[in-house]
Amino acid sequence: MMKIVFKHLFLSFWCAGVLIIPAGLRAQANPTSPERLLDNLFVLQHHKTARISSYDRKGGNFDFVRLAPGETKVLADIPGTGIIRRFYLGAFSLDRMRYRKVILRMYWGGQKDPCVEVPLGDFFGSGLGTLRYFHSIAMDVNPGWSRIDLDAMVSYFPMPFAKGARITLESDGGVKDFILWYHVEYEQLPDGKLPADAGRFHAQWRRVAKTPVREGLPKNSQLGADLKSNLTGDDNYVVLDATGHGSYVGLFLTVDNIARGWYGEGDDMIFIDDVKWPPAYPGTGHEEIFSSGACPDREFWGLYTGFYLIENLNGPWGGKNQMYHFYVNEPVNFEKSIRVTIEHGHNNNFENDYTSTAFWYQDEPHKTFPPMPAAKDRLPAWPADVATAIEKETDLRGQVAGILSMGDKIRLSKEDAAQWEQLDAARNKEFRELRFPDYIRDVSAMDTILAKYHLETPKRPQE
């Protein structure tokens, strides 16, 4: 009975993010038990550890790097053999869509083609600019100073390399004043000490802005296609199509449910090693992929799975929905190939916007990735008035002098600056909570403030 109580308490505290063992139970624990979570910490290691970061090389406090529009910057170029253990970053710009307008790439062993190619925010499940905080076994998104919308994103996926590692960031979306703080922490191993069967870490981004529905299907109907059979998976949304020997370990999925109603009758179907049918992993709906109850309309997150954004726009499940599943407890193994797919509605009868990031390990070489769309084609779909407000806000914020701004800017009066700060904090909260009428109202209030500082252009004399 005591063992059951201890296990219950352990899981409760671990899921809360804090491991606290009552003194009475701690005294009864077996110090030689191989199951204790932190026991490997006292085993002394002989390999070196190191960090690459954005620290100020001149010894000052400017511990960040700037990324200009059109620039590709190398964040880390590590020689030799090792394993990246933690990848942290905080990214700031006046542009809320910066997370989709900048591309993260990773290369192992001097490769020319990236093994990771994902918009920066989507790598951490945050591509919409509406960051939701969550804590999982593989990724964290944590709050920063809400006034300036500077939050943090962390990956704990181990990333092994035998002959060097390179991480780059490309700004192809015209983002101005992009500033980045980052850490890359890794173990250095002697050459040849990486296990021979160590797969390389991969991540791939995909999007279909309007999933197609075959003619004759009852479009955008939750149960209308129930009698229609899907015995191939050919029309499913494709999350990953890879060849080689490896393990599929994670997924971020965003469904912008334009059609409204419960879209999640779509099953996941994972096909292994070129087997056409039935899938090795036959699914039963979106709920089960992400370990929720039926048709979730409330947000949650956990160690392995979560629905961490559910907008419920104009009714349950309408609008933007974000979810994750990290298969680290039950990785999906494949010897020759893997094809990860999800129906968009039963038998693919929903027209919606699907975006995904897949994570997996495999041997090299890997299958060529689909081309990365241009920045404008990567942007989330917003209602027209919201899209206009986002562009307007970016322009207005760029005109005002701030802590992290560059160039000649308008300097507000003390009274206007105080109101501006209040509007900044309010808009950040409103956008994160998808309260768009309030957000649009406060962007308009910004415009009203700056109108006082805009001098009229002198009229040219008539010729």
Side-chain angles (χ1 to χ4, degrees), residues 67-73 75 89 91 93 95-107 111-131 153 167-176 178 180 202-213 234-243 250-259 263 309 319-324 339-342 344 348 350-360 366-384 386-388 390-391 394:
L67 186 66
E71 180 183 8
T72 296
K73 187 176 290 291
L75 304 185
L89 61 86
S93 168
D95 189 339
R96 289 192 186 278
M97 295 299 102
R98 61 191 180 273
Y99 296 109
R100 277 276 169 89
K101 293 181 176 180
V102 174
I103 304 171
L104 174 70
R105 294 185 177 92
M106 298 183 183
Y107 307 79
Q111 294 169 311
K112 293 183 179 180
D113 295 328
C115 290
V116 171
E117 187 175 44
V118 183
L120 180 63
D122 289 87
F123 184 83
F124 301 94
S126 302
L128 298 177
T130 57
L131 269 68
M153 298 175 280
I167 301 175
T168 70
L169 207 57
E170 179 190 3
S171 177
D172 70 334
V175 179
K176 298 178 181 178
F178 184 93
L180 183 74
H202 294 71
Q204 182 184 106
W205 187 84
R206 289 176 179 245
R207 183 190 186 190
V208 175
K210 188 176 182 180
T211 51
V213 176
D234 291 346
D235 295 334
N236 297 358
Y237 174 80
V238 177
V239 171
L240 173 63
D241 186 4
T243 58
L251 163 68
F252 282 117
L253 179 67
T254 298
V255 179
D256 193 347
N257 187 18
I258 304 163
Y263 57 89
L309 171 60
K320 293 174 172 57
N321 302 268
Q322 289 185 300
M323 53 215 84
Y324 65 85
R339 184 174 172 84
V340 181
T341 73
I342 299 176
H344 41 96
N348 302 302
F350 266 70
E351 286 182 329
N352 277 324
D353 186 338
Y354 270 61
T355 305
S356 62
T357 301
F359 302 94
W360 77 102
H366 63 265
K367 188 174 183 177
T368 302
F369 287 13
M372 178 63 68
K376 64 180 179 61
D377 297 321
R378 300 196 303 266
L379 293 180
W382 302 108
V386 176
T388 299
I390 291 171
E391 292 183 9
T394 301

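Since the structure is predicted, the reported quantities are computational estimates derived from the model, not experimental observations.
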Would R207 and D353 count as a salt bridge (Lys or Arg N to Asp or Glu O under 4.0 Å) if you check the C-alpha gap in whole Å, the side-chain angles of each, and the deciding distance to 0.1 Å? CA-CA 8 Å; R207 183 190 186 190; D353 186 338; 2.6 Å; yes
What do the steps show when you test L75 against L89 for side chain to side chain contact (heavy atoms under 4.5 Å, CB included), and what is the final call? CA-CA 11 Å; L75 304 185; L89 61 86; 5.7 Å; no
Please evaluate residues D113 and H366 with respect to the criterion side chain to side chain contact (heavy atoms under 4.5 Å, CB included), reporting the C-alpha separation (whole Å), side-chain torsions for both, the decisive distance (0.1 Å), and the verdict. CA-CA 9 Å; D113 295 328; H366 63 265; 4.3 Å; yes
Residues W205, M372; criterion side chain to side chain contact (heavy atoms under 4.5 Å, CB included); working and verdict: CA-CA 8 Å; W205 187 84; M372 178 63 68; 3.8 Å; yes
Can you list the steps and then say if D241 with R206 is a salt bridge (Lys or Arg N to Asp or Glu O under 4.0 Å)? CA-CA 11 Å; D241 186 4; R206 289 176 179 245; 5.3 Å; no
Step-by-step side chain to side chain donor-acceptor pair (under 3.5 Å) determination, D256 to N352: CA-CA 6 Å; D256 193 347; N352 277 324; over 6 Å; no
Chi angles and distances behind the side chain to side chain contact (heavy atoms under 4.5 Å, CB included) call for F178, K73: CA-CA 12 Å; F178 184 93; K73 187 176 290 291; over 6 Å; no
Check against salt bridge (Lys or Arg N to Asp or Glu O under 4.0 Å), R100 and D122: CA-CA 7 Å; R100 277 276 169 89; D122 289 87; 2.7 Å; yes
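Looking at V238 and R339, their side chains come closer than 4.5 Å, going by heavy atoms from C-beta outward. Looking at M97 and P380, their side chains come closer than 4.5 Å, going by heavy atoms from C-beta outward. Side-chain contact between N321 and N257: present, with at least one pair of heavy atoms (C-beta onward) separated by less than 4.5 Å. Two residues are said to be in side-chain contact when any heavy atoms from C-beta on lie closer than 4.5 Å; M323 and V255 meet this criterion. Contact check for T394 versus K176: no side-chain heavy atoms found under the 4.5 Å cut-off. Using a 4.5 Å heavy-atom threshold, the side chains of L251 and I342 count as touching. Counting only heavy atoms from C-beta outward, the side chains of Y99 and L131 approach each other to under 4.5 Å. Residues V102 and L180 form no side-chain contact, since every pair of their non-hydrogen atoms from C-beta on lies 4.5 Å or further apart.
Closest of all the heavy-atom pairs between F123 and F252 is O-CE1, 3.5 Å. Minimum interatomic distance between R98 and A91 (heavy atoms only, all atoms of both residues): NE-O, 3.2 Å. A pairwise comparison of heavy atoms in G173 and A375 identifies CA-CB, 3.5 Å as the closest pair.
Of the inter-residue distances, the one linking R96 atom CZ with L128 atom CG reads 13.0 Å to the nearest 0.5 angstrom. Between atom CD of residue Q111 and atom CZ of residue R105 there is a gap of 14.0 Å, rounded to the nearest 0.5 Å. Rounded to the nearest 0.5 angstrom, D235 CG and N348 CG are separated by 5.5 Å. The NZ atom of K367 lies 9.0 Å from the CG atom of L240; values are rounded to the nearest 0.5 Å.
You'll find the ring centres of F124 and Y324 outside the 6.0 Å limit. A ring-centre distance under 6.0 Å is found for Y354 and Y237.
Put simply, the side chain of T254 never gets that close to the backbone of K320: no donor and acceptor are under 3.5 Å apart. For the pair H344 (side chain) and V213 (backbone), a donor-acceptor distance under 3.5 Å is absent. Under the 3.5 Å distance criterion, the side-chain polar atoms of R378 are left unmatched by any main-chain donor or acceptor of P119.
Using cut-offs of 30° and 60° on the angle between ring planes, the pair W360 and F369 is tilted.
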